[in-house]
There are 2 protein chains.
Amino acid sequence: MSLDGQLPPKMRLLRAAAELLANSGGAPVSTRQITQLAGVTAPTLYHHFGDKEGLFDAVVAAGFEEYVAGERDFAPSGQPLEDIRRMWDNHVQFGLNQPELYLVMFGNIRPESRPAIVADAEALMEEMLNKAAVAGQLNVQPREAARSILAANVGVTLMLIAEPASERNLELSTMTRDAMIFAVSAEPASGAAPGDAGKSSVVVAAIALNAALQASHSDQLSSSELKLFLEWLHRISTSPAG
Amino acid sequence: MSLDGQLPPKMRLLRAAAELLANSGGAPVSTRQITQLAGVTAPTLYHHFGDKEGLFDAVVAAGFEEYVAGERDFAPSGQPLEDIRRMWDNHVQFGLNQPELYLVMFGNIRPESRPAIVADAEALMEEMLNKAAVAGQLNVQPREAARSILAANVGVTLMLIAEPASERNLELSTMTRDAMIFAVSAEPASGAAPGDAGKSSVVVAAIALNAALQASHSDQLSSSELKLFLEWLHRISTSPAG
DNA sequence: TAGCACCTATAGCATTGCTATATGAACTGA
DNA sequence: TCAGTTCATATAGCAATGCTATAGGTGCTA
């Protein structure tokens, strides 16, 4: 029951606090629980950390170091934007693995509490984006890009944490990630006009889809399915309703 | 000192809690503070709200209704994407005006606590994006787009709340906002290059048709036909690349 | 051994969220 | 008009919380 691997009490307190924080989902963790699990009495806690919040700050700091270490452990692939993607995914994964810790880190940010962590995280991402900027792949200043991407990254991670694990769809993450990266990257991607898809009616939309379908060879539907699909589409697009 | 405008105690409790929550930045607010400011004793609180968290939930719900009301008060401008921009800015402003309330709403989201608010906010944005989809301006399904945009919106707002008011730079917001909207919109790039950026016109048209069909109750197809039709449509509109 | 800094334990204080119980007010039906 | 019932508030107090004043071991160096 007690966390006594003969580590120094300071460490035992840190681990006990981290464990209780991680397991008791959202419920407040009392100092008595912590000290009991650590096999230590109250004054020891206050001697080492001064405060309950001091202890929690230490836990957060340790967790953040782990996070940073995870981000740094990747060898640069030579494709900076690809590294950013991995960084993003790593961030999300960290949040999903330790949701409680993550919520303390990024969910409870107040200007007087811990903007230092945010600044560090931003610096970490800016560092990577700098390589992309050097390679001429960036549309905006690396710092602005880093702040923007990190903000979206945090938002996505929080949303994913918010929904029950069974319904979590990581597509939200990849989609937002690629949207952000695309927006800051300097890739010259532009094409022809999208036809006349400006009207707002079922008919127009159906006609546009009909034309587009005939032009392209989509293999998402079998030929018999497609035949029926087109027939229905025709029925819709010749209806008077709007 | 006491909040007695002769309102019913329930209201006085709500207002007292909201005021204390808003002003005492991040510090825990005790029930005794609340009841004293409301000019009421403890059991009254528990009679009406059952719990401290029940009271706070009520405060959050009230705040959220205010937020929704603010979002709805805008007359649609006819340009759905422009409405989305206003919606985004409104969201950020709400968060900056009531940071503590916002942190409780979106900073402390746990799967068991309040995903309902997130769902409502998503629905609100999806509703607007549907108009864009009908007009053929959307690249992805409105629901996915709404989730993605809202996630980024929340992330940006949290980051802005995190930094001291004097250093707040709203450019982070506008930049991220436009990046997200650009990424989900079908305007600029389409058709010719369905490689990585910009979906084919088939997909855009299918999404538009899908949204239009759901909006209008076309009776050109029987319900079973429509079901299968929509399924195929979904298959088309989520295909990797046309 | 003595002194000293460091770390930990005993015991308890003030405050916290919450409640068992009782009192009052307002409305009902006769 | 008045007993009965329901709703709403108050009195007083409990267990748990964060924290601390004080004292008691440790291990060092001299």
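So you know, we letter chains A, B, ... as the sequences are listed, proteins then strands, and number each from 1.
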What integer distance in Å separates [X]:[atom1] from [N]:[atom2]?
X	N	atom1	atom2	answer
A:Y46	C:dC13	OH	P	17 Å
B:H47	C:dG24	NE2	C1'	13 Å
B:K52	C:dT16	NZ	P	9 Å
B:L45	C:dG17	CG	P	9 Å
A:L13	C:dC7	CG	C1'	12 Å
B:E53	C:dC18	CD	C1'	14 Å
A:R32	C:dC13	CZ	C1'	11 Å

Basic-acidic side-chain contact under 4.0 Å: A:R147, B:E171: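 No.
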Salt bridge flag under 4.0 Å for residues B:R86 and B:D83: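 Salt bridge flag = yes for B:D83 with B:R86.
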Touch class at under 4.0 angstrom, heavy-atom based, for A:T41 against every strand present: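 Counting heavy atoms under 4.0 Å across all strands, the contact made by A:T41 includes a base.
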Contact interval (first through last nucleotide) of DNA chain D with protein chain A, 4.0 Å heavy-atom: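 Listed 5' to 3', the contact boundaries are D:dT17 to D:dA21.
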Side-chain donor/acceptor of B:T35 to backbone N/O of B:T31, under 3.5 Å: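 Yes; judged by distance alone, with no hydrogens or angles, the pair exists.
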Shortest side-chain distance from A:H48, nucleotide among C:dT8, C:dG12, C:dC18: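 So the side chain of A:H48 is nearest to C:dT8.
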Short side-chain N/O contact to C:dT15 OP1/OP2 from B:S30, under 4.0 Å: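 For C:dT15, OP1/OP2 do not have a side-chain N/O of B:S30 under 4.0 Å.
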Comparing B:V40 and A:G50 on DNA chain D - which has the more 5′ nearest nucleotide: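 The residue mapped nearer the 5' terminus is B:V40.
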Upstream residue (5' side of DNA chain D) when B:T44 and A:A42 are each assigned their closest nucleotide: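 First, find each residue's nearest nucleotide; the 5'-ward one identifies B:T44.
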Pair A:E122-A:R143, salt bridge (Lys or Arg N to Asp or Glu O under 4.0 Å): steps then yes or no: CA-CA 8 Å; A:E122 280 176 2; A:R143 167 162 299 131; over 6 Å; no
A:Q33 atom CD, neighbour heavy-atom count above 12 within 6.0 Å: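 Correct, the count exceeds 12.
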Note, B:L160 side chain near B:L170 side chain (heavy atom, < 4.5 Å):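 Side chain of B:L160 against side chain of B:L170, heavy atoms only: contact under 4.5 Å found.
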Set of residues satisfying side chain to side chain donor-acceptor pair (under 3.5 Å) with respect to A:E71, sequence neighbours excluded: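 For A:E71, the residues satisfying side chain to side chain donor-acceptor pair (under 3.5 Å) (neighbours in sequence not counted) are A:Y67, A:N90.
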Pairwise 5' ranking along DNA chain C for B:P43 and A:K10, keeping only the more 5' one: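 This one resolves to A:K10.
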